[in-house]
Amino acid sequence: YMMAGIIIALAALVAVIRGSDGFAGERDRQTLESLLLAPVNGPILAAAKLFGLLVSWLTLFVLAIPYLWAVGSTGQNLLAAIQYLFVVGTLIVLAFGGASLALSARLKTFKGGLSLSLTLLLLFASPVLLGPSLRQSAAGRLLDMVNPLAAGLNTLDSVVIDSQGLTWQLPRLAIMTGYALVILWWLYTATRRL
């Protein structure tokens with residue numbers, strides 16, 4: 001479970017860094033104008049950059065499988081953990097990578113986009129870092145319900161440690177899917193007029 005959480009955090013961090021470079025980095029390197037001369041519009045370009053983020057996630061996931069296997073081969077639910085890790089990681093990368101790309105399309109510099117994206121990632125990660133006793137309070141449970149990163153880690157916890165099935169995971173997966181869809185819509189609107 002802890003190894004899967006580290007992989008999710010690393011995937012979110014890579015998505016934020018690469019997403020922040022998506023458009024603002026192109027502006028900084030003065031290559032955005034020549035890129036926009038291609039016969040594609042902004043949303044298609046954003047989809048291609050988002051696909052690149054997903055390829056990075058897939059590479060990280062494939063590299064993590066031997067480590068997960070080594071750590072969890074004697075434990076329970078290893079195959080379910082790998083399957084849920086793939087789904088949760090994909091949704092987290094879509095949400096955080098898409099948000100970073102949308103910010104990158106609106107901001108003028110890579111530094112500004114990276115700073116804001118990392119701040120958002122830390123804000124979403126901070127409730128997860130609270131101790132178990134603080135997360136059991138009403139405010140802690142509310143933060144867990146609306147936080148996609150917490151939903152992902154709680155999903156992995158309930159699959160790996162508690163051996164709970166898909167019906168227990170559906171609300172959390174719905175939260176992460178909702179975030180990903182809203183972020184993808186925001187990315188589409190942010191890149192329509194590049």
Side-chain angles (χ1 to χ4, degrees), residues 2 4-36 40-61 63-64 88-131 134-135 139-140 142-154 156 175-194:
M2 292 178 68
I6 291 169
I7 294 165
I8 291 293
L10 186 59
L13 182 63
V14 168
V16 162
I17 292 170
R18 292 208 54 223
S20 296
D21 187 54
F23 293 104
E26 298 277 356
R27 266 192 207 99
D28 283 353
R29 291 185 295 274
Q30 298 177 347
T31 55
L32 184 62
E33 290 80 14
S34 59
L35 187 61
L36 291 174
V40 295
N41 59 12
I44 292 174
L45 187 60
K49 289 185 177 288
L50 193 60
F51 181 74
L53 293 177
L54 290 173
V55 169
S56 294
W57 157 240
L58 185 61
T59 304
L60 177 65
F61 175 74
L63 290 173
V88 167
T90 302
L91 292 171
I92 293 295
V93 166
L94 283 174
F96 286 99
S100 294
L101 275 171
L103 287 171
S104 177
R106 292 291 182 201
L107 297 174
K108 301 298 181 200
T109 65
F110 168 69
K111 286 181 185 178
L114 182 62
S115 298
L116 191 54
S117 296
L118 285 174
T119 301
L120 287 174
L121 178 62
L122 286 174
L123 284 174
F124 277 104
S126 61
V128 177
L129 300 175
L130 294 174
L134 292 174
R135 290 177 72 194
L142 179 66
L143 285 173
D144 270 357
M145 285 181 9
V146 299
N147 187 339
L149 199 55
L153 294 176
N154 288 337
L156 293 171
I175 288 169
M176 290 182 287
T177 303
Y179 266 94
L181 291 174
V182 167
I183 296 290
L184 291 176
W185 176 253
W186 178 34
L187 178 61
Y188 171 76
T189 58
T191 58
R192 245 187 345 203
R193 296 183 187 151
L194 269 178

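Computation of the quantities below employed the complete heavy-atom set of this structure, encompassing side-chain atoms and omitting hydrogens, waters and symmetry-equivalent molecules.
- One finds the OG1 atom of Thr90 at 8.0 Å from the CG atom of Leu58 (value rounded to the nearest 0.5 Å).
- Rounded to the nearest 0.5 angstrom, Leu10 CG and Leu60 CG are separated by 5.0 Å.
- In this structure, Met176 CE and Asn147 CG are separated by 10.5 Å, a value rounded to the nearest 0.5 Å.
- Of the inter-residue distances, the one linking Ile8 atom CD1 with Leu13 atom CG reads 13.0 Å to the nearest 0.5 angstrom.
- In terms of modelled atom types and a separation under 3.5 Å, the side chain of Arg18 and the main chain of Gly52 share a donor-acceptor contact.
- Considering CG of Leu149 and CG of Leu121, their distance stands at 7.0 Å, rounded to 0.5 Å.
- Listed by first then second residue, pairs satisfying salt bridge (Lys or Arg N to Asp or Glu O under 4.0 Å) with a partner in residues 46-58 read Glu26-Lys49, not counting sequence neighbours.
- Contact between Gly19 and Leu53 at its shortest, heavy atoms only, is N-CD2, 3.8 Å.
- The nearest pair of heavy atoms linking Val88 to Gly152 is CG1-CA, 3.5 Å.
- The side-chain contact (heavy atoms from CB on, under 4.5 Å) search around Thr59 returns Val55, Leu63, not counting sequence neighbours.
- Environment of CZ in Arg29: crowded, with over 12 heavy atoms of neighbouring residues, nucleotides or ligands closer than 6.0 Å.
- Counting only residues at least two apart or on different chains, no side-chain hydrogen bond (donor to acceptor under 3.5 Å, both in side chains) pair has a member in residues 102-113.
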Residues 91-99, side-chain donor-acceptor partners within the protein, below 3.5 Å, at least two apart:
none

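- Ser115 contributes no side-chain N or O that, together with a main-chain N or O of Gly112, makes up a donor-acceptor pair within less than 3.5 Å.
- The two residues Phe23 and Leu45 have their closest heavy-atom pair at CE2-CD2, 3.7 Å.
- The minimum heavy-atom distance between Thr191 and Ala105, with the atom names listed, is CG2-CB, 3.9 Å.
- For Ser117, the side-chain hydrogen bond (donor to acceptor under 3.5 Å, both in side chains) partners at least two apart in sequence or on another chain are Ser20, Ser100.
- Remark: Thr119 OG1 to Leu114 CG distance equals 9.0 Å, nearest 0.5 Å.
- Residues satisfying the side-chain contact (heavy atoms from CB on, under 4.5 Å) criterion with Ile7, sequence neighbours excluded, are Met3, Trp57, Ala64, Leu68, Leu85.
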